[in-house]
Every structure is written in C-alpha cells, then in structure tokens.
Amino acid sequence: MGAGIVVAGASMGGLRAAEQLRAAGWTGRITVVGDEPHMPYNRPPLSKEVLAGRAPFASLAFTPKASAADVEWRLGARIVASRLAERTVSLDDGSVLPYDGLVVATGMRPRRLGCPGPLTGRHTVRTIDDAQGLRDELTRPGARVVVVGAGFIGCEVAATAVALGVAEVTVVDPLPLPMVGPLGELLGRALLKRHEERGVRFALGTGVAGFAGEDRVTGVVLSDGTVLEADVVVESVGSVANTEWLDGNGLDLSDGVLTDGLLRVGGRPEVVAVGDVARFPNARYDGVPRRVEHWSIPADTAKHAARTLVGTEQAPFAPLPTFWSDQHEFRLQSFGAPALGKNDVRILDGDPEGDVLVGYHTGGRLVGVVALGGHAAATGAARYRALLLKQPALTA
C-alpha cells in the first residue's frame, strides 16, 4: 500500500476533502490530521445558537459519509512542518507522515489584539471550547461586554449577548459602520439602526489602545482616550491563516496559501488547498486570487481539489460564494461577490427600513445580491442565484 493522501486539517474542509476524494475515485489510504480533539463540526452556530445555550455540541458534529468510513483520523495532533520536495509532513509528537498527495486544509485562527493590558476576560470565538467559555462569562449577572470588531462574528455575538440579557453591550470598530467592508454603506447604515434599536451600543471610527485592569480586564481604552467599562471583551478583528507549517517550501503564504485555478499549490500536482486557507482565482469573476471565508467554500473547494488531485478535473474553479448571518430576529443572505460591486449598489426590492434586497454591480453587471430582513427577503435573494450562475466570467 502506498503512503496515501494526507489531509492537513480536520475541520469541515478536511472532512469534505476526504469524502470528495472517495467520490472522485481514490481508493487508497486517507489520513486526516487535526489539532482539535473533536471530530469536524459546524462552526457558524458558535456565535449564535451555542452562545445562546440552544445547541449542544452533539448537534454540531458532522456525520461522515459512509464512503469515508475507512478514513484514519489523527485528532489532537498538529502538523508543525513540511517538506514538499520529499513529500512528508511532521507532527508535534515527533512523527513524520509520508504522502502521495497532500490537502492543505488547516484553516484560520482568530487574530488577537497586541494592545497592553491583562489577558483574563478576553475571548475569541472560533472553537466549541471558545464558545462555551464565553457563554459562561456572558451569563454572569450584570456583565458588561465590549465586542471589538463590527464584522459578521462581532455583530452576531453582540446580538446574542443582548438576547441573553447582558447589562451592556458595546461594539467598537475603527470603520464608520458595521460590516461596511464587505457590504457597503447602504446595508451598513441599515444594520447599525437595527442593532441600536435592540440595545447594542456602538463606538465607531475609533480603535483600541489598551485594556484596563490588573489580573483581569475591567475596561477597554479607546484610541481617543475614552474608557469603556467591561467585564468581558470579545476580540473579533479578523483571522490569521494557519500556514506556518508550510514555511521553507518556496510558497506564496502572504495571505493564506496561493493556488492556481485548479487549486494546486506551488505548481505541484500532488498538493492542493481547500477551505478559507486557500487563496484562489475565481474564474467567475476577475481571476484575482482571494481567500473567501464563507460557509459554502470548504465544500466547493473540496470537490474541485479532490478531482484535481486524482487527475480528473480540467475546468478552472468558478464557485458562487454564499453566506448568511443571523442577527437578532433578522437574517443577511448573500449570493455572489458583493465586495466586488460596492461602488455600484442598487436596491432591487423593498426598503432599508424593512426587508430589502440589494444588488452589487461591476461594469453594469450584477455580481452579488444581499437580502436583509425576514424569510421573504432571503427567498428574494435566492431567486437571483440562477441568474448569477448563468452569467459569463468577467474575464471572458
């Protein structure tokens, strides 16, 4: 038996890669290595249902397909180095795994603020253990919470904290509106109003200079000198790609792992990347390599990369990114690439004061849609999915 395929990373991307390798016809050995002790589980509920106490861990775990029942799982183990020329990876226990094929699926970790101050009381939300630890803090009577970062995770955590009855919830961000980066000003203003109406406070246009307190955080010092009292701080300031183990192989690791249009890494036919660690050109748009941290991407990349690895994929990768975000009682639902069309945003249906469907355009062409509101708004966005799929590539 050959060395087989090693999947580096045991989250959703790693699981889907193993399943898709079997679907693509690979019958050899598959070994999945992951640093968490858990089998792969669904992460989006961590900042919502898990934090709210409505979803136990058992409800998050993925059930591997029957075709992947013979996959070997090495959990609680971390890959620390690799030698791609020799086709080996090294683990933190000193063992070395040879491979015939390698799937890079090591994902991201939360970025942490490097400001001075105590560490106790500061949280991130990436793992089930993170969410459970934060929930214990949020349910303390009279807790005052400061969320640093008004992106998707930050706004979801703020909404969940308000629903739990937290005494004070304040979101801090250097940008002028929540989620203005990926969604633009129109929806940013609509989201700000909705959150404020439900009790979330905002300190926008300012950053964090440090944390007050000795053994534990008691406040957040803003760059303008303001001090926000806080018992709990949630840092939601972006992600860092887990690529250090690939150092020394001559790869472009400046933002995740650069791949070609077939998801091959460094021009090597035996190495592919999947999930949000992969920086790939999307043939549907302009061909510029980008990382995409959306729920749909692990499965989409896994299917394409598996076919590449077994030698059956020829068409360049052209996914339609999809995401949703539940905040309070409303939902954001998106199809396509809104960030590419932020300079030409048009209301397709509804009104920002209620349910609204927004279109994002590049060169007059629709490249993304986002709905904000209830079920009807999300259904409206879904109707545009087929239209977005049928459009030719921007580079065509």
Side-chain angles (χ1 to χ4, degrees), residues 1-36 40 64 68 70-109 241-281 289 291 297-313 317:
M1 181 181 292
I5 292 175
V6 170
V7 180
S11 192
M12 181 183 178
L15 170 62
R16 297 296 181 238
E19 293 173 338
Q20 290 297 329
L21 283 166
R22 289 289 185 242
W26 177 260
T27 59
R29 176 184 300 167
I30 300 175
T31 304
V32 183
V33 182
D35 57 0
E36 285 192 73
D70 60 345
V71 169
E72 178 186 358
W73 294 87
R74 295 190 62 165
L75 302 176
R78 185 167 60 92
I79 296 179
V80 295
S82 57
R83 294 186 176 182
L84 302 190
E86 299 175 14
R87 298 194 182 188
T88 64
V89 294
S90 301
L91 277 57
D92 56 358
D93 62 3
S95 60
V96 176
L97 298 181
Y99 64 80
D100 298 311
L102 175 65
V103 180
V104 178
T106 40
M108 315 296 290
R109 64 181 182 274
N242 294 316
T243 58
E244 291 84 356
W245 63 281
L246 289 165
D247 286 343
N249 289 290
L251 304 178
D252 183 342
L253 305 176
S254 57
D255 180 20
V257 182
L258 178 65
T259 78
D260 63 12
L262 296 179
L263 299 178
R264 296 174 298 197
V265 175
R268 295 181 175 274
E270 78 280 4
V271 183
V272 294
V274 305
D276 47 14
V277 75
R279 177 161 50 101
F280 58 87
R291 289 192 311 100
I297 291 300
D300 289 344
T301 52
K303 184 174 183 178
H304 204 87
R307 293 176 176 177
T308 293
L309 207 54
V310 301
T312 61
E313 186 59 68
F317 191 41

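- Remark: Asp92 pairs with no residue by the salt bridge (charged side-chain N to carboxylate O under 4.0 Å, His left out) rule, at least two apart or across chains.
- Listed by first and then second residue, the side chain to side chain donor-acceptor pair (under 3.5 Å) pairs that reach into residues 3-20 are Ser11-Arg43, Arg16-Glu19, sequence neighbours excluded.
- Residues that satisfy the salt bridge (charged side-chain N to carboxylate O under 4.0 Å, His left out) test with Asp247, not counting sequence neighbours, are absent from this structure.
- The two atoms that bring Val274 and Gly13 nearest to each other are CG2-O, 3.9 Å, heavy atoms only.
- Thr243 pairs by the side chain to side chain donor-acceptor pair (under 3.5 Å) definition with nothing, not counting sequence neighbours.
- Residues Asp260 and Pro281 are not in side-chain contact: their nearest non-hydrogen atoms beyond the backbone lie 4.5 Å or more apart.
- Salt bridge present: Arg279 and Asp252 bring a charged side-chain N and a carboxylate O closer than 4.0 Å.
- Applying the side chain to side chain contact (heavy atoms under 4.5 Å, CB included) rule to Pro298 yields the partners Met12; only residues at least two apart in sequence or on another chain are considered.
- Partners of Asp300 by side chain to side chain donor-acceptor pair (under 3.5 Å), not counting sequence neighbours: none found.
- A search for side chain to side chain contact (heavy atoms under 4.5 Å, CB included) contacts involving Thr312 returns Arg307, Val310, not counting sequence neighbours.
- Across all non-hydrogen atoms, the minimal contact from Val7 to Ala105 is CG1-CB, 4.4 Å.
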Verdict with reasoning, Leu262 to His304, per side-chain contact (heavy atoms from CB on, under 4.5 Å): CA-CA 7 Å; Leu262 296 179; His304 204 87; 3.9 Å; yes
CA sep, side-chain torsions, deciding dist, call: Ile5, Thr31, side-chain contact (heavy atoms from CB on, under 4.5 Å): CA-CA 6 Å; Ile5 292 175; Thr31 304; over 6 Å; no
Using residues 77-86 as the side-chain source, report each donor-acceptor pair under 3.5 Å to any protein atom, sequence neighbours left out, with the distance given to one decimal.
from  : atom 1 : to     : atom 2 : distance (Å)
Ser82 : OG     : Trp245 : O      : 2.8
Ser82 : OG     : Asn249 : ND2    : 3.0

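- Shown here for Ala241 and Val277, the closest heavy-atom pair between the two residues is CB-CG2, 4.2 Å.
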Stepwise side-chain contact (heavy atoms from CB on, under 4.5 Å) test for Ile30 and Trp73: CA-CA 9 Å; Ile30 300 175; Trp73 294 87; over 6 Å; no
Hey, can you pull the donor-acceptor pairs under 3.5 Å for the side chains in residues 94-104, sequence neighbours left out?
from   : atom 1 : to    : atom 2 : distance (Å)
Ser95  : OG     : Asp93 : OD1    : 2.6
Asp100 : OD2    : Ala3  : N      : 3.0
Asp100 : OD2    : Gly4  : N      : 2.7

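- One N or O on the side chain of Thr301 and one on the backbone of Gly275 form a donor-acceptor pair closer than 3.5 Å.
- Take Glu270 and apply the salt bridge (charged side-chain N to carboxylate O under 4.0 Å, His left out) test, not counting sequence neighbours, and it matches Arg87, Arg268.
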Verdict with reasoning, Leu251 to Val265, per side-chain contact (heavy atoms from CB on, under 4.5 Å): CA-CA 8 Å; Leu251 304 178; Val265 175; 3.8 Å; yes
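- With a 4.5 Å cut-off on side-chain heavy atoms, Asp70 and Arg29 do not count as touching.
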